[in-house]
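First up is the structure itself, then whatever we jot down about it.
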Number of protein chains: 2
Amino acid sequence: MTKENLQSDTTRDRVLSTSAGLFCQHGYAGVSMRKIAESCDMKAGSLYYHFASKDEILIEVLNMGIERVHAAVATALSESAGTASAFDRLRHAISGHLHALLEYSSFTSANVRIFRQVPEAVQHSTLETRRRYEALWDGFLGDLKAEGHLRSDVDIRSFRLMLIGALNATLDWFDPAPGDISELADRYADMLANGILVGPQS
Amino acid sequence: MTKENLQSDTTRDRVLSTSAGLFCQHGYAGVSMRKIAESCDMKAGSLYYHFASKDEILIEVLNMGIERVHAAVATALSESAGTASAFDRLRHAISGHLHALLEYSSFTSANVRIFRQVPEAVQHSTLETRRRYEALWDGFLGDLKAEGHLRSDVDIRSFRLMLIGALNATLDWFDPAPGDISELADRYADMLANGILVGPQS
DNA sequence: TGGCCTGCCTAACGTTTGTTAGGGATGGCG
DNA sequence: CGCCATCCCTAACAAACGTTAGGCAGGCCA
């Protein structure tokens, strides 16, 4: 119960992390227990010592994906709360989401990629975690609006959906090797905060 | 070669359209030839009269997805070219993409959902079609910039990626039944064109 | 009428799927 | 030492997978 669990946990974590990467690349049904095991230098049967089923791995991967990006954004928000300008706070929140998505966490990218194609029962068991993350953003955007920094005719939910959608879509093209994630966050924050047309339009 | 093909084509088209819907919902590996056949009131073996393999269905679905949204946006652009304001042209282009994605075409949504998880060889055989669609947007945005309507410090490629990403993400939450797609397009165009913060930020 | 083409069928092939049962090695603890 | 838990293994199960071969009905054309 003391040191053994350390070994056990690292194996378990390795399985989860490789599963996330595979799910992200090939989709839920495209990844078999045997492929997961092979990527961990194990045999398929051994996975069932750590997990009861493929869906149990899946649920854990999906939940960890949201939890990680939630933690990243929460940290970014609390670090810039009060002191920074509205734009800088938005910039930091965006940066937190992008770093979690593109750098830290294969769990987060797996969640973005496969959530809509997993069995409905699995989706439901991760909805609560999802809602907490949405609430984090809505709270932040609500603060911005209450402080008068947000255009009064902008709907918070609409903007949050557009923003998170745009950020998650970077998964499809961004190559973290050359580019700088923080610089990407700056560009996105600028375009979203200021718009792309010259002068106000309606 | 004349009337027979009519019957043949409708069955073929039904297979493609059902396949698109299934691919969209369950991912590439999550859809079997037997499930496709069952959804068309056929048996799995019969599919091979119309298609050589599962991947051939897939390639056709993916290509049609891009071609449809390309046609929708091209029409919207040509209808508003010259006469309308920069904002209205952007609004119409967005509306064209959203209508194709959310209303017309299960092919387009299938492409958005599963493109990154299909075999690499299949991806390659649809890349040319994809590039043509990207070029359509870049041409339009280049025109806006040349006419001085686009902020000069906004990178066209960055904005196009953000925009298309944000639009495609509506697949994950938009329910076409109650909401109006055109009104959604207006909201998105407004937020993207004008930004969401009050006054210019940097 | 006889033959051909179209469109779908059944039945089977070899492989892969998720999952289970049972066994063997390792190492800490009495 | 002997015991027990941990951790992974092999072997097998039934089911589902993509694909193929061969056949049967019906309409077209000679």
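Keep in mind the model is a prediction, meaning the values are calculated, not measured. Order of the sequence lines fixes the chain letters, A, B, ..., with proteins taken first and strands second; residue numbering starts at 1 for each chain.
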Sequence neighbours excluded and cut-off under 3.5 Å, please list the side-chain donor-acceptor pairs for residues 103-111 of chain B, or say none.
| residue | atom | partner | partner atom | Å |
| --- | --- | --- | --- | --- |
| Ser105(B) | OG | Phe107(B) | N | 3.1 |
| Ser105(B) | OG | Thr108(B) | N | 3.0 |
| Ser105(B) | OG | Thr108(B) | OG1 | 3.2 |
| Thr108(B) | OG1 | Gly65(B) | O | 2.8 |
| Ser109(B) | OG | Ser105(B) | O | 3.3 |
| Ser109(B) | OG | Ser106(B) | O | 3.2 |
| Asn111(B) | OD1 | Arg130(B) | NH1 | 2.8 |
| Asn111(B) | ND2 | Leu62(B) | O | 2.8 |

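- Between dA16(D) and Ser32(B), no contact under 4.0 Å exists linking OP1 or OP2 to a side-chain N or O.
- Remark: P of dC17(D) and CG of Leu22(B) are 12 Å apart, rounded to the nearest angstrom.
- Taking the side chain to side chain contact (heavy atoms under 4.5 Å, CB included) definition, one finds that Glu60(B) meets it with Arg12(B), Leu16(B), Phe51(B), Met64(B), sequence neighbours left out.
- For the residue pair Asn63(A) / Thr126(A), no side-chain donor-acceptor distance below 3.5 Å is found, with atom types taken as modelled.
- Looking at which nucleotide of DNA chain C each of Lys43(B) and Ser46(A) is closest to, the 5′-most match is held by Lys43(B).
- When the C1' atom of dT19(C) is taken as reference, atom OH of Tyr49(A) falls 18 Å away, rounded to whole Å.
- His70(A) pairs by the ring-ring contact (aromatic ring centres under 6.0 Å, His included) definition with Tyr133(A), not counting sequence neighbours.
- For His50(A) and dC8(D), the shortest distance from a side-chain N or O to OP1 or OP2 is below 4.0 Å.
- Counting to the nearest Å, the C1' atom of dC9(D) and the CD atom of Glu38(A) are 16 Å from each other.
- Within residues 53-60 of chain B, the residues having any heavy atom under 4.0 Å from DNA chain D are, by residue number, Ser53(B), Lys54(B).
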Considering only distance and modelled atom types, tabulate donor-acceptor pairs under 3.5 Å from the side chains of residues 25-32 of chain B, sequence neighbours left out.
| residue | atom | partner | partner atom | Å |
| --- | --- | --- | --- | --- |
| Tyr28(B) | OH | Asp55(B) | OD1 | 2.6 |
| Ser32(B) | OG | Lys35(B) | N | 3.2 |

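- Atom CG of Asp41(B) is separated from atom C1' of dG7(C) by 15 Å (rounded to the nearest Å).
- Legend: side chain to side chain donor-acceptor pair (under 3.5 Å) pairs involving residues 73-88 of chain B, not counting sequence neighbours, sorted by first then second residue: Asp88(B)-Arg91(B).
- At whole-Å resolution of the value, CZ in Phe51(B) and C1' in dC8(C) are 14 Å apart.
- Side-chain proximity of Met33(B) to the nucleotides dC8(C), dC8(D), dG18(D) is greatest for dG18(D).
- Formation of a donor-acceptor pair under 3.5 Å by the Thr18(A) side chain with backbone atoms of Val15(A) is found in this model.
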Nucleotide N/O of nucleotides 11-13 of chain D paired with protein N/O under 3.5 Å:
| residue | atom | partner | partner atom | Å |
| --- | --- | --- | --- | --- |
| dA12(D) | N6 | Arg34(A) | NH2 | 3.4 |

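- Considering only residues two or more places apart in sequence or on other chains, Arg187(A) meets the salt bridge (Lys or Arg N to Asp or Glu O under 4.0 Å) condition with Glu183(A).
- Between the OH atom of Tyr48(B) and the P atom of dT10(C) there is a distance of 16 Å, rounded to whole Å.
- If you take CG of Leu47(A) and C1' of dT19(C), they are 11 Å apart, rounded to a whole angstrom.
- Annotation: salt bridge (Lys or Arg N to Asp or Glu O under 4.0 Å) contacts of Asp41(B) (sequence neighbours excluded): none.
- Among dT19(D), dT17(C), dG18(C), the nucleotide with an atom closest to any side-chain atom of Lys35(A) is dT17(C).
- For Tyr28(A) and dT17(C), the OH to P distance is 13 Å, given to the nearest whole Å.
- In the set dT19(C), dC9(D), dC8(C), the nucleotide with an atom closest to the side chain of Ala44(A) is dT19(C).
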